Amino acid sequence: QCSTTTWLRSPECGWRIGGSPPSGKDGYGRGWLQVATLARVWMAKQNGLHRLATVATGDGGYRRRWLRLSWWRATRELHDNGQKTLFGKTQNWDAYPTVNELCYGSRAVATSEFIARKLFRFFAHTSPSNAVVSELGTVFRNANLNIAALLRAILVHPEFWSPAARYALVKSPTEYMVELLKRTGVPASDTGVSWLSPRMGQVLFEPPDVSGWKQNRYWVSTATMWGRGDFVSHLQWKARDAGFLDGIRDLEPAAGVDTILAAMGIIDPAPATVDRMRTWFAAAKANHGWSVQTDGLVLAAMTPDFQVA
């Protein structure tokens, strides 16, 4: 469900927020609003971030980072019991009724569409129309805010399969590595994923802040491209030993390049990609044919065509 009160008072929430002991201040409330990303649903129109955050005063989380342990605690005597005006209603708001109001009350449409838009942008493309978002938001609400139902609706939606969603997203480092491991058949345990992924700009389970990682241009820089090159350069020898692209050096340039691209899942390559790879293939086969198998993986993995999804 939509950032449920159960999760907001869970060890996982306490861990993500970073550990704010119970107090009469609004730090914990601001933290979980950022994690849940619900504040933006209505804060743009109301100057009430402090009022919204105070609903969680007296709540708090503790964290022991080196043990990856955290726990939540409520101290009622520290709760701000004053009257707060939220969503046009004045009362002694607490965390539970606040989240229920966001998810199931007066802000239900805005909340469901906010989450639907974020998920669609993550999985399809970054510019969904308001009509598509409204449709997905309705599905989400009708499913009692079940994320699986929303994701299913996104994946079967015609817009997900439209030309606008084709090559619309730059693969994150994790997506990039997973795709390469899937294509080559090399086990993740053999590739040093944990120490190579930071060079591409991503450390799993350690986002830069509570809003998570950004998309597209966020992943594109000279440094991160070098990081991707380091990973595939390390992978090429293990892929060769696993038999990936065996016999490729015996093919003619046109057939060889088609085979490489197909093996990498690049089904609609740009003409420039095909031309340059054919030129490389012909020269490599003539001068040092042994390198075609390994370098073919590296070159295909570094093409713009493979960087996007």
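Predicted model, so just to flag it, every value in this text is computed and none were measured.
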Taking all atoms of both residues into account, what is the closest heavy-atom pair of [X] and [Y], and its distance?
| X | Y | value |
| --- | --- | --- |
| Trp161 | Val156 | NE1-CA, 4.2 Å |
| Asn216 | Leu169 | OD1-CA, 3.3 Å |
| Gly212 | Pro207 | CA-CB, 3.9 Å |
| Pro269 | Val274 | CG-CG2, 3.6 Å |
| Pro253 | Phe281 | CA-CD2, 3.5 Å |
| Val133 | Ala116 | O-CB, 4.3 Å |

- Item | Pairs flagged by side-chain hydrogen bond (donor to acceptor under 3.5 Å, both in side chains) wherever residues 164-180 is involved - sequence neighbours left out | Ser172-Glu175, Thr174-Gln202, Glu179-Arg183
Between atom [atom1] of [X] and atom [atom2] of [Y], what is the distance when rounded to the nearest 0.5 Å?
| X | Y | atom1 | atom2 | answer |
| --- | --- | --- | --- | --- |
| Trp213 | Trp219 | CH2 | CH2 | 6.5 Å |
| Phe231 | Ser197 | CZ | OG | 9.0 Å |
| Leu150 | Arg152 | CG | CZ | 10.5 Å |

Is it true that a side-chain atom of [X] and a backbone atom of [Y] form a donor plus acceptor pair closer than 3.5 Å?
| X | Y | value |
| --- | --- | --- |
| Asn92 | Gln83 | no |
| Asn146 | Ala148 | yes |
| Gln215 | Arg121 | yes |
| Ser106 | Leu102 | no |

Is [Y] reachable from [X] through a run of I, L, V, M, F, W or Y residues, each pair having side-chain heavy atoms under 4.5 Å apart?
| X | Y | answer |
| --- | --- | --- |
| Phe120 | Val139 | no |
| Tyr104 | Leu136 | yes |
| Val170 | Tyr218 | yes |
| Trp226 | Val232 | no |

Please report, to 0.1 Å, the donor-acceptor pairs under 3.5 Å made by any side chain of residues 235-249, with sequence neighbours excluded.
unit_1: Gln236; atom_1: NE2; unit_2: Ser233; atom_2: O; d: 3.2
unit_1: Lys238; atom_1: NZ; unit_2: Asp190; atom_2: O; d: 3.4
unit_1: Asp246; atom_1: OD1; unit_2: Gln293; atom_2: NE2; d: 2.8

- Item | Audit row: Leu297, Leu180, side-chain contact (heavy atoms from CB on, under 4.5 Å) steps and yes/no | CA-CA 9 Å; Leu297 168 61; Leu180 280 169; 4.1 Å; yes
Run the side-chain donor-acceptor check on residues 298-309: report pairs under 3.5 Å with partners two or more places apart or on a different chain.
unit_1: Thr303; atom_1: OG1; unit_2: Ala300; atom_2: O; d: 2.8
unit_1: Thr303; atom_1: OG1; unit_2: Phe306; atom_2: N; d: 3.4
unit_1: Asp305; atom_1: OD1; unit_2: Thr273; atom_2: OG1; d: 2.6
unit_1: Asp305; atom_1: OD2; unit_2: Ala270; atom_2: N; d: 2.9
unit_1: Gln307; atom_1: OE1; unit_2: Arg228; atom_2: NH1; d: 2.9
unit_1: Gln307; atom_1: NE2; unit_2: Ala301; atom_2: O; d: 2.7

- Message: What I want to check is whether the side chains of Thr138 and Arg141 have a donor and an acceptor closer together than 3.5 Å.
- Response: yes
N/O donor-acceptor pairs under 3.5 Å from side chains in residues 122-132, not counting sequence neighbours:
unit_1: His125; atom_1: ND1; unit_2: Ser127; atom_2: N; d: 3.1
unit_1: His125; atom_1: NE2; unit_2: Glu159; atom_2: OE2; d: 2.9
unit_1: Ser129; atom_1: OG; unit_2: Val132; atom_2: N; d: 3.2
unit_1: Asn130; atom_1: OD1; unit_2: Arg117; atom_2: NH2; d: 3.0

- Message: Could you check whether any side-chain heavy atom of Met225 comes within less than 4.5 Å of a side-chain heavy atom of Met200, counting everything from C-beta outward?
- Response: no
Determine all donor-acceptor pairs shorter than 3.5 Å in which one atom belongs to a side chain in residues 256-268; sequence neighbours excluded.
unit_1: Thr259; atom_1: OG1; unit_2: Ala255; atom_2: O; d: 2.8

- What residues form a ring-ring contact (aromatic ring centres under 6.0 Å, His included) with His234, not counting sequence neighbours? Trp195
